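Below you'll find the structure, written out as structure tokens, and then a few comments.
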Amino acid sequence: MNQTSDYWSFPYHSQRMPVLADNVVTTSQPLASAAGAQMFMRGGNAVDAALATAIALTVVEPCMNGIGGDVFALIWDGTEIHGLNASGRAPAAWTPERFAAMKAMPSRGWDSVTTPGAVSGWRALSDRFGTLPFEDLFEPAIRYARDGYLVSPTVHRQWQAQIAELSGQPGFKEAFAPNGRAPLPGERFICQGQADTLAKIARSGGDDFYHGDLAAAIAAHAQKTGGLLTQADLAAQRADWVDPIRMAYRDLEVLEIGPNGQGIGALMALGMLDTLNVSALEVDSADYVHLQIEAMKLAFADLHAYVGDADTMAPKMTEQLLDRDYLAARARSIDPQRASYPGPGNPHQGGTVYMTAADKNGMMVSLIQSNFKGFGSGVVVPGTGIALHNRGSGFSTSAGHPNQVGPGKRPFHTIIPGFLMQQGKPLASFGLMGGSIQAQGHVQMACRIADHRQNPQAASDAPRWRVADDNREVRLEWNMPEKTVQGLRDKGHDVHVAPRFDLEFGCAQIAMKLETGGYQAASDHRKDGYPIGF
């Protein structure tokens, strides 16, 4: 990418600057980034740094991810790209009949808990690419949990917002609201249960979580409080190495993890936009934003109709949804002057944290992990600090749907790591957190980088739009230009402008290669994090 003087402009409200260094790690919480930097200082590589950061995030940002969540990752090893799907599967007792009378899956409690995959993902990444001992990666996180850490302002806000809803879930209040509230900004929070659990995972290489005392404790808590997750379900967990899916957009190639994740939605939208002359439009104008929104709505309509566990989707559905002719036809249905509310097409027969790390030898890691809705299900295993995710709520209860709940199936997943290539070479590892904003944010950042050559910090700082889950309402950030807001309303969009500090627009992190060597690492101004370089 041509990184001229114009490239280094920062046109938006945030005055954050990227960090330029040979080794970088960036995430939404600076204490977690510091954990990754410590691994670099010990001689570790980008995978070691990414894992130490991810593990620390379960402690210092527990309202967004946890030991009982899932992980996805994309890794450039210096020669080629690898994908990891470490999402969990439904318990064996989750038959379609059990949920048939429900209009939707429960969003909290045991009936939203699938097998946690994060620990299996940590182990798989370390075994294949790590250089430091697995146990060493846990030292910062264990220290934060045992000795405590000072809670940051944004984490406090997210934590406190969940207390009322989750305090009645088994084990939650004792672990994460011992005073009946979230810890205050600047207050020290200690969770000895997390420290003990992470120490057991570290010593056993993760085996204790799926086969040992921790697995027994999780299963016993389920049996006692109404859950169906068993030791056999935990023992059956495996993380899978997968080939990424990809889409050319302008002179870039965007890579994602395929279904059961929503990354395919980002690629579909970009494939549609690639047939339109988006780059000729003024950045942040109503015409520019409108085309992106309309492409995203079309992608979401297909996503919710055809995508589920890759093992049970219609044969070749992923390829059919990414077919360039199909996407061009979908793009032709977009009216550049009017909003639409589309249904699915007919393809040719189908609470999260994000971080990235990159090292001087060329290894780049794009990693995302989540408990889904904040603390997830709200269920916490007593004495362990294990907050179990609610990914099971991503299943459908509709008979015959490709994402219908069933034993051993993976649910539709929102968390997606992203990666950019240019002329066959790695350019950037990137991503952002926040439910359905993730695919939308990938589209917005990729367009800004490819169409308007914005640098990573500017692409992150720019005002975002978000199509709501009903695929109709459009939410805009507070600093979207007023002319754009009115222009979108004139085109028929149901527009709502969010207040400042609204956290529904995601939090991005990105590490991009410099032409002169090294990386530029940017962290989103919407949360507490900063990039660290070494």
Side-chain angles (χ1 to χ4, degrees), residues 25-40 48-71 118-119 122 136-163 166 172 175-179 181-199 201-202 351-357 367-372 374-376 380 384-387 389 415 431-434 503 507-509 523-532:
V25 59
T26 180
T27 191
S28 53
Q29 219 290 341
L31 295 177
S33 296
Q38 290 174 50
M39 299 304 118
F40 279 140
D48 298 317
L51 287 172
T53 302
I55 295 162
L57 280 165
T58 68
V59 177
V60 299
E61 202 169 346
C63 51
M64 297 299 287
N65 76 132
I67 303 168
D70 281 349
V71 163
V119 174
W122 299 344
D136 289 2
L137 309 177
F138 289 75
E139 289 180 12
I142 292 171
R143 184 173 65 253
Y144 292 146
R146 182 191 63 231
D147 301 338
Y149 62 95
L150 303 181
V151 173
S152 56
T154 304
V155 169
H156 160 76
R157 282 196 292 135
Q158 294 173 313
W159 198 324
Q160 183 60 38
Q162 300 175 61
I163 297 298
L166 299 181
F172 177 82
F176 293 108
N179 298 316
R181 58 166 174 78
L184 301 173
E187 185 174 2
R188 186 174 298 276
F189 181 73
I190 295 172
C191 188
Q192 187 59 47
Q194 280 184 315
D196 294 341
T197 291
L198 291 170
I201 293 170
T352 301
V353 292
Y354 174 82
M355 55 79 51
T356 182
L367 185 148
I368 194 162
Q369 69 183 18
S370 175
N371 273 7
F372 198 23
F375 282 97
V380 180
T384 68
I386 300 172
H389 62 178
I415 63 174
L432 70 166
M433 59 187 73
L503 292 173
C507 176
Q509 317 294 328
S523 184
D524 204 308
H525 70 281
R526 296 166 181 84
K527 294 193 73 174
D528 299 321
Y530 292 94
I532 293 180

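Predicted model only: the values in this text are computed from it and were never measured. Numbers here are sequence positions counted from 1.
In this structure, Gln160 and Ile163 have side chains that are in contact, with non-hydrogen atoms separated by less than 4.5 Å. Taking the side chain as every heavy atom from C-beta outward, Tyr530 and His525 never approach each other to under 4.5 Å. Proximity of Gln369 to Thr352: side-chain heavy atoms (C-beta onward) are nowhere separated by under 4.5 Å. The shortest distance between side-chain heavy atoms of Glu61 and Ser28 falls below 4.5 Å. Considering only heavy atoms from C-beta on, Tyr144 stays 4.5 Å or farther from Glu139 through its side chain. Under the 4.5 Å side-chain criterion, counting only non-hydrogen atoms from C-beta, Leu367 is not in contact with Tyr354. Inter-residue side-chain proximity for Pro62 and Trp159 is flagged as met; some heavy-atom pair is nearer than 4.5 Å. Between Ile386 and Val380 the shortest side-chain heavy-atom distance does not fall below 4.5 Å.
To the nearest 0.5 Å, atom OG1 of residue Thr26 and atom CG of residue Asp524 are 9.0 Å apart. A distance of 7.5 Å separates CE in Met355 from CG in Leu57, rounded to the nearest 0.5 Å.
Under the side-chain hydrogen bond (donor to acceptor under 3.5 Å, both in side chains) criterion, Arg181 pairs with Glu187, sequence neighbours left out. With sequence neighbours excluded, no residue forms a side-chain hydrogen bond (donor to acceptor under 3.5 Å, both in side chains) with Ser33.
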Before giving the answer on side chain to side chain contact (heavy atoms under 4.5 Å, CB included), spell out for Phe189 and His156 the whole-Å C-alpha distance, their side-chain angles and the decisive distance to 0.1 Å. CA-CA 11 Å; Phe189 181 73; His156 160 76; over 6 Å; no
List the steps and the verdict of side chain to side chain contact (heavy atoms under 4.5 Å, CB included) for Ile190 and Asp147. CA-CA 6 Å; Ile190 295 172; Asp147 301 338; over 6 Å; no
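Smallest separation of non-hydrogen atoms from Ser152 and Asp528: OG-OD2, 2.7 Å. Of all heavy-atom pairs between Gly385 and Ile67, the closest is O-CD1, 4.4 Å. Leu31 and Leu150 get closest at one heavy-atom pair: CD1-O, 4.4 Å. Nearest heavy-atom pair, Val60 versus Ala32, reported as atom, atom and distance to 0.1 Å: CG2-CB, 4.1 Å. Smallest separation of non-hydrogen atoms from Pro140 and Asp136: CD-O, 4.1 Å. Taking every heavy atom of both residues into account, Leu184 and Val151 meet most closely at O-CB, 3.8 Å.
When only modelled atom types and interatomic distance are considered, Asp196 and Gln192 share a side-chain donor-acceptor pair under 3.5 Å. For the residue pair Gln509 and Lys527, no side-chain donor N or O sits within less than 3.5 Å of a side-chain acceptor on the partner.
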